[in-house]
**Q** 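The structure that follows is given in the form of structure tokens.
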Amino acid sequence: MSEPILVAENLTKWFPVKRSVGQVLRGNRTWVRAVDGVSFSIEKGEIFGLVGESGCGKTTTGKLIMKLLEITDGRLYVSGEDVTHVRGRALEKHRRAVQMIFQDPYSSMNPRFTIRDVLMEPLEIHKVGKDMKEREAWVREILNEVKLSPPEEFLVRHPHMLSGGQRQRAATARTLMLNPSVIVADEPVSMIDLSTRAEILHMMRQLQRELGLTYIYVTHDLSTARYFTDRLAVMYLGKIIEMGPSGTVIDRCLHPYTQALIGAVCEPVSGKVNQVKDVPIKGEIPAATNIPPGCRFHPRCLYAIPECWEEVEPKLVDIGGGHMVACRRHEEIERVGAAARTSEASLGIRRATRIS
Amino acid sequence: MAMERVLEVRDLELHYFTRKGVVRAVDKITFDVRQGETLGVVGESGCGKTTMGTALLNMPTPPGRIVGGQILLDGLDILKISEQEIRRRVRWESISMVFQGAMNCLTPVYTIEKQMKETLQQHREMSKEEARTRMKNYLNMVGLADDVLQRYPHELSGGMKQRVVIAMALFLEPRVVICDEPTTALDVVVQAQVINLLKDLKSQVNLSFIFITHDLSIEAEVSDRIMVMYAGQIAELGTSDQIFGPQGPAHPYTQRLLAATPLLHKEVTELAFIPGTPPDLVDPPSGCRFHPRCHVVMDRCLKDEVPLREIEPDHMVACWRCFHE
Amino acid sequence: MKGARFDQLRTFWAEFRRVKSGLVGLALLGVFILIVLLAPWLSPYSQADKRWRDMTYWIDSPRDARPLWVNWFTSRKYTETQTINAASSKETITGSGSSTMRIEEMEFPYQYKAGYPPNDIMIKLGVTGRSSYEVLIVRPDGKQMSYRGSTTIEGAQVVRLSVVETLASRVYAALAPSEDPAFAAQKDPTQIDPMSALFAKAQPGVFTNPVNVPGTYTVKVKLALIGPDAKLDTSQVLVMGGVSGILGTDDGKRDLWSGVVAGTKWALLLGLLTSLISVAVGVIYGVASGYFGGWIDALMNRIYEVFTSIPLLPILIVMSAVFKPSIWIMILVMCVFFWTGPVKTVRSIALQIKENAYIEAARGLGASHGRILFRHLVPQLLPFAFASMALSVPGAIVTESSLSLIGLGDATVVTWGQILRDAFGSGAVLKGVWWWVVPPGLAIAVMGMTFAFIGFAMDTILNPRLKTR
Amino acid sequence: MYWKYVVRRILYAALIMVVCVFIFSALFNTVADKVMRGQIDEQVKGEIVQIQKSNRGMHPEQLQAIRDQRTAQLYAQYHLNEPMMQRIMYRTLSSLVFNFGTSTQMKSLAGSNNVNTIIYERIPRTLLLFGVAAVLDIILGVWLGLVKARRAGKMMDRSTDLVTMVLFGLPLWWLGMMFIMLFAFAIPIFPSSAMHASPPPADALGNFLDLMHHLALPVITIVLFGFWGRAYITRNLVVSTLQEDFIMSARARGLSERRILFGHTLRSAAPPIVTMSLLALVVSIGGGLIFEGIFSWPGLGNLYWQAVQQNDVPVLMADLMVTTVLFIACLAFLDLIYGFLDPRVKVGGKA
């Protein structure tokens, strides 16, 4: 095993909730526990997926890694260095090492900038390159890298003159300007048409191989996560509840929440029209201000027993092969689920095509 | 399947008259909706699927205008009757619609009860008690408690609003319910719940759905027949088995779209994609509109406009490759 | 990069060009700017701006005269104001040395063209040294009346016939015989209107119901220059008519057109300066408030609310009454209360922009707050800033004129408000002196309209939702 | 929930008022002090003359001592010898309890020189004039706005927009002058000034009609000047509400156009329409107060003219304070209406 490039230890982000005067006087402090103690480590050249529903803290985790938000508690190491509370020069270094691709390609670039302005900005901020000429050459090189060629044609365009896919390529190009080692990709394809989605992911993977990049892929879409990532962590209410190699987590999931998530996914295969989807979960996601005691998933869990809310929250435990799960009943669940799984796996049939 | 046709659309044309020129958003499409089935309409953004949905209510958003074709509702052309007639006989009475972004489809200043009652009273003569019972019945049917009636829209979560809107679309028992991306803004779990709800309702009430979405996977879950749209036209129209079955779809566009969708329980190393971007509908490509992006393009595709033809029972395709002449 | 900026300007202009009212606004603005630039050539009284309140500067123009063009619309014409130079002059020298006396005899023929008689006739004698004079007026019907200056005066002689009391009695003496004797006996000679009688037909009713006779009225002046050093330069007779200039005159003889032209400069200056400063402050305040958020936003909001809770004009009135500011201080004080205008909108726009991922992207790249504010946020707000600047210009002008109206303006400059104050103060509204009240107000209105046209045009471009097509 | 909001908003208005009064007190501290010293000196001088009259034999030095003592006593009574900050606080406090002292020149109708009396008799008149105008303005404005919205982009919409723009930079009081010249002199159908004919009609009905007659021209001026602006705001809000999804949804439900326009569009746009129109109106009244002077309408606005002309600082200050209080009250009232109309505030939730 190689050296981990990014390590998060008990990463925590609590946002204070706006309070009324009365609450301040009574000394009530409430917090939105957006990220509530998350630990993982990512190796160089790995694609690590963070999946979960909206509000589970996956995007906040991404922003903590970017240091766009102050870390409330815990530690964050990049390339072995503690960057939890860095400032000044060290933060600048961190900014060059870790970059981010945003979800919405339509809003991730200033509409008044041309692509040249967009790509020049990181160089201007970090004063990279001797002169305009050198910078411009670098910009062209990167544009070729993300397959926006010929560069001349794209340099003078404004973002609105590009298609969604092209925009996301340009956004990727921007992240590459500073030679980063880690890229946080926050739902990079969720707003792109299905027909071009695969193209973007393909390009990203190619870049990863060529440049030795490490990705943190934040998404709610399990299907692309399975396709794109090496390892996967499933988050619920600010905590990782299951983590491991992508195939294992999806095909042999043990946490009831992961099971519900997977059950909810739609797949383009026939014969499902008259089947009711099996989503083993109840109720709605609680607010992050009011996290249930014990196991935070227990109010929605179909397997919950009194221990689940009476005793402390279960920790992530390794059950072999790097597969980790935070559920006290995972062994029983595994036994029950083994039979059902065989039928589910058969759904992934290869489709024949008429032409080609 | 020889089921009764509820809605027949013939050569429907809807154009947007913009400064840039005439956008042919819906360009001569012909299809029908049968009693008790769900017809899925799928396509990329900007292919005209939502526009088509509003056209069925004869409610194009300006600067759009229906410029040709027929919409036959049980044989009656709703494009020929007066606005008042449409309001009385078509809208909600026969065809109701769950709009995209249902969160914004409830008037923020009224309680749910007021909005539902208002709609009921517009179409049905009934006592207060009857109305109340009916509203409660339908709310319960979509899994909501009675007390939702007294709430204002902002007091409900997104999923609840979605359910209210669905309840409202159903409670006049129309012939056809158009659902425009009813699950797009929702989380995976809630989305699955809404899909289950729709499936459930379909088994309870005998009405037809038109289910518009950009996501093929969802169509596979809900639709009996699937209509694939590309650039304002129908590319392929077939049953769920024909499209998603082992045989696979016929149109190269559908094929590629399907191949671009990753499968959850299958290790896939390479996904397909379609190069290029959808065409500008002010000046669409000649011949087959898909030809610039097609991987099996022929000479003929560039020149001749391609008709929609039946290649097997219930399976229509608009592709020169598929016609054996 | 320069090219790109230019491109955006061009698209904005292309959009703007479609809004006709906006173009009209721009054209009007151009006219106003031309008026300011060409003021010295446009106004007959080029020093109107500096000497507006200097009564001696206006001595040569008629009082309460209507605009010239009024004659185009009335059947009975008002006399035009005109200057008559001596048609003939004769010099006789008597005595020598210190008792030298030169008698200058001059004739000023005045062609009177019926209608209303002149308001006044003023004889200006450009004398250096001591002199005395005698005036003889010869009417077309041969009737004459003379008047002699009572004393010898040092320096220039100015005779205003309308205020010379003895003239009234001379006119009376000359015309009373023609008047109905019964009436003439009752009439007090000093109570007649000498000007109307002077130009009236000698017939009964000459004092009560005068019928004006056109013809040549000659003013003959006999001037005695006393002493060897006494000299006569130029002498003129000014007929003060009932109409004068493009916009007439006020009761202080000031030419209103010159006043309105002079006011244009101040209106533009104070309007643009106030809106520029206050919008700049407001935009930066709003952007900062929206961008930083948190307690900074909360604090800035509170300050903003205090400022908006104070009624603008009342506080300005009291401040002006107490501190008596100059126009520059006034502009500054207006800014203190005007900056709140764009804040709320700017803040909400900034909040919206802030939500865009590119702001976060810039932060992720390590951009400083300053860079994000001035490179990403402020440029986006520039079109809005221009629109709100255009829309706040009229407010500043109206505020200044309101303060002036109530008597709190800077009296050293001529603003449209000052002119209106003089008009209202001297009862022009109640006397119906419309040519004094209408033009300055109309000027304010047209300038307001100019900026409203421009501002609303920009506003429609910026709010596509309001577009109807 | 709504009541909690009401209480909070009123408390907040009170707080803002305190801050404003404090700012005024600090800003005009020096002038107010000077005026007060002048008044005290005047009063003491008068008292000394009285003393001189009653015991003639008094020694000048003795008189001077009495005078000094009396002056010092009064200075102390009005806190004039204290440090500046304390004087400002004292002034703030006395202003907050509406204790504005005595005027230097002006008198009330009854001849009192108590500033309160002078101010109080004017408040109802200003409220009458602008209240009547505001009601008509809103009614006409919303009506025209709806008509405009229904014909958005048509001739009628554009031409009224033009009027709005033409009137945008026009001083209200100038329009008043024009109307006086037109309708009080050229075509004398309205009186040009004041609230009542002099002498006023004796009977109640005649008195009322006389008041209405005098009220008519200023009210017409304000309404004709302002309702275009209200229409413009209403039109824009209605047009943008018409583009909302819920309107499309209501139309799809088969509701009648009338119901959509009045029931859904207008009702949903009502909170911003009401508050934005009223806000614009209140602000324009803040700027239009001196309009009263043109019509010699004896209200608070006219008081500014008179106080400025007579240089009566206490009256001017008091007028400012009272205007500000009314202004803040109006703003608070606006928010309360908004809260009442918008269920998101009324029933809670994000607002």
Side-chain angles (χ1 to χ4, degrees), chain C residues 21 25 271 302 305-306 308-315 317-323 391 393-395 397-399 401-403 405-408 417 420 423-424 428-434 437-438 440-442 444-453 455-457 463 465-469, chain D residues 12-13 16-17 19-20 23-24 27-28 31 152-154 157 161-162 164-175 177-178 180-181 184-186 192-193 236 239-240 243 282-283 285-290 293-294 301 304-305 307-309 311 313 316-317 319-320 323-324 326-328 331:
Chain C
S21 59
R302 295 294 159 269
E305 269 163 28
V306 169
T308 47
S309 296
I310 301 172
L312 176 69
L313 197 63
I315 179 75
I317 288 175
V318 178
M319 283 177 87
S320 309
V322 169
F323 301 121
L391 290 177
V393 167
I397 296 173
V398 169
T399 306
S401 48
S402 303
L403 288 177
L405 182 76
I406 190 168
L408 299 169
L420 279 169
F424 189 68
V429 174
L430 303 185
K431 287 186 214 150
V433 189
W434 52 268
V437 182
V438 175
L442 209 58
I444 297 176
V446 172
M447 183 162 291
M449 192 177 85
T450 301
F451 285 99
F453 276 176
F456 278 88
N463 291 324
R465 271 172 86 97
L466 302 184
K467 269 189 203 149
T468 44
R469 255 188 307 165
Chain D
Y12 187 62
I16 292 269
M17 206 179 84
V19 174
C20 287
I23 291 174
F24 295 159
L27 204 56
F28 305 115
V31 183
K154 300 259 169 61
D157 181 30
D161 269 359
L162 201 70
T164 315
M165 289 190 258
V166 169
L167 287 176
F168 184 79
L170 193 106
L172 172 61
W173 43 263
W174 182 69
L175 200 67
M177 289 180 181
M178 302 308 292
I180 291 178
M181 288 205 294
F185 288 93
S192 68
S193 65
N236 284 352
V239 164
S240 59
Q243 291 165 24
V282 168
V283 169
I285 287 173
L289 265 179
I290 62 158
I294 303 296
Y304 282 108
W305 288 74
V308 165
Q309 260 145 29
N311 202 17
V313 176
L316 209 52
M317 298 272 310
D319 201 0
L320 176 62
T323 317
T324 308
L326 286 176
F327 192 74
I328 292 172
L331 295 182

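Every chain is numbered from 1, with letters handed out A, B, ... down the list of sequences.
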**Q** Working to the nearest 0.5 Å, report the span between CH2 of D:W173 and CZ of C:F424.
**A** 10.0 Å
**Q** Between C:P314 and D:T323, what is the shortest heavy-atom contact and its length?
**A**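 It is CG-CG2, 3.9 Å.
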**Q** If you count heavy-atom pairs under 4.5 Å between each of C:T308, C:V322, C:T450 and chain D, which one has the most?
**A**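 When all of C:T308, C:V322, C:T450 are compared, C:V322 has the most.
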**Q** Report which part of D:F327 has an atom under 4.5 Å of a heavy atom belonging to chain C: side chain, backbone, both, or neither.
**A**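 For D:F327, the side chain is the part near chain C, not the backbone.
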**Q** Let me know if D:L289 has heavy atoms under 4.5 Å from chain C in its side chain, its backbone, both or neither.
**A** side chain
**Q** List the atom of D:M177, the atom of C:V437, and the distance in Å for their closest heavy-atom pair.
**A** SD-CG1, 3.8 Å
**Q** Considering all heavy atoms of both residues, which atom of D:I328 and which atom of C:S309 are nearest to each other, and what is their separation?
**A** CG1-O, 3.5 Å
**Q** Please look at C:V438 and chain D and tell me whether the side chain, the backbone, both or neither of the residue comes under 4.5 angstrom of a heavy atom of that chain.
**A** both
**Q** Side chain, backbone, both or neither: which part of C:S21 has a non-hydrogen atom closer than 4.5 Å to chain D?
**A** side chain
**Q** Would a 4.5 Å heavy-atom cut-off, applied to side chains only, mark C:L420 and D:W174 as touching?
**A** yes
**Q** Under the criterion side-chain contact (heavy atoms from CB on, under 4.5 Å), I'd like the reasoning laid out for D:L170 against C:I444: C-alpha separation, chi angles, the key distance, then a yes or no.
**A** CA-CA 6 Å; D:L170 193 106; C:I444 297 176; over 6 Å; no
**Q** Could you go through D:W305 and C:L405, starting from their C-alpha distance and side-chain angles, then the distance that decides it, and tell me whether this counts as side-chain contact (heavy atoms from CB on, under 4.5 Å)?
**A** CA-CA 9 Å; D:W305 288 74; C:L405 182 76; 3.5 Å; yes
**Q** What part of D:T324 gets closer than 4.5 Å to chain C, counting heavy atoms only: side chain, backbone, both or neither?
**A**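 For D:T324, heavy atoms of backbone and side chain both lie under 4.5 Å from chain C.
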**Q** Between CG of C:L408 and CD of D:Q309, what distance do you get to the nearest 0.5 Å?
**A**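 If I round to the nearest 0.5 Å, the distance is 9.5 Å.
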**Q** Is there a side-chain contact (heavy atoms from CB on, under 4.5 Å) between C:V398 and D:L172 once you walk through the steps?
**A** CA-CA 9 Å; C:V398 169; D:L172 172 61; over 6 Å; no
**Q** If you count heavy-atom pairs under 4.5 Å with chain D, which of C:G432, C:S402, C:G25, C:A428 comes out on top?
**A** C:S402
**Q** Might you point out which heavy atoms bring C:A321 and D:V308 nearest each other, and give the distance in Å?
**A**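 Distance-wise, the nearest heavy atoms are CB-CG2, 4.3 Å.
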**Q** Closest heavy-atom contact between D:V166 and C:F453?
**A**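 Scanning both residues completely, I find the closest heavy atoms to be CG2-CZ, 4.5 Å.
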**Q** As an exercise, state the distance from CG of D:L27 to CE of C:M319, rounded to the nearest 0.5 Å.
**A**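 These two atoms lie 4.5 Å from each other.
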**Q** Where is the tightest heavy-atom contact between C:A452 and D:M165, given as atom of each residue plus distance?
**A** CB-O, 3.5 Å
**Q** Can you tell me which portion of C:I315 sits under 4.5 Å from chain D's heavy atoms? Options are side chain, backbone, both or neither.
**A**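 Both parts, backbone and side chain.
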**Q** Of all of C:L391, C:V433, C:L312, which one pairs up most often with chain D through heavy atoms under 4.5 Å apart?
**A** C:L391
**Q** Mind checking the CG-CD1 spacing from D:L320 to C:I310? Nearest 0.5 Å is all I need.
**A**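 Interatomic distance, D:L320 CG to C:I310 CD1, rounded to 0.5 Å: 8.0 Å.
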**Q** What part of C:S320 gets within 4.5 angstrom of chain D, counting heavy atoms only: side chain, backbone, both, or neither?
**A** neither
**Q** Under the side-chain contact (heavy atoms from CB on, under 4.5 Å) criterion, do C:R302 and D:V19 qualify, and how do the steps go?
**A** CA-CA 11 Å; C:R302 295 294 159 269; D:V19 174; over 6 Å; no
**Q** Flag the one option from C:P440, C:S401, C:A423, C:G395 with the top tally of heavy-atom pairs under 4.5 Å to chain D.
**A** C:S401
**Q** Contact between D:I290 and C:L403 at the side-chain level, heavy atoms closer than 4.5 Å - yes or no?
**A**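 No, too far: nothing below the 4.5 Å cut-off.
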**Q** Could you tell me how the ring of C:F323 sits relative to the ring of D:F28: parallel (under 30°), tilted (30 to 60°) or perpendicular (over 60°)?
**A**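 Geometry flag for D:F28 against C:F323: parallel rings.
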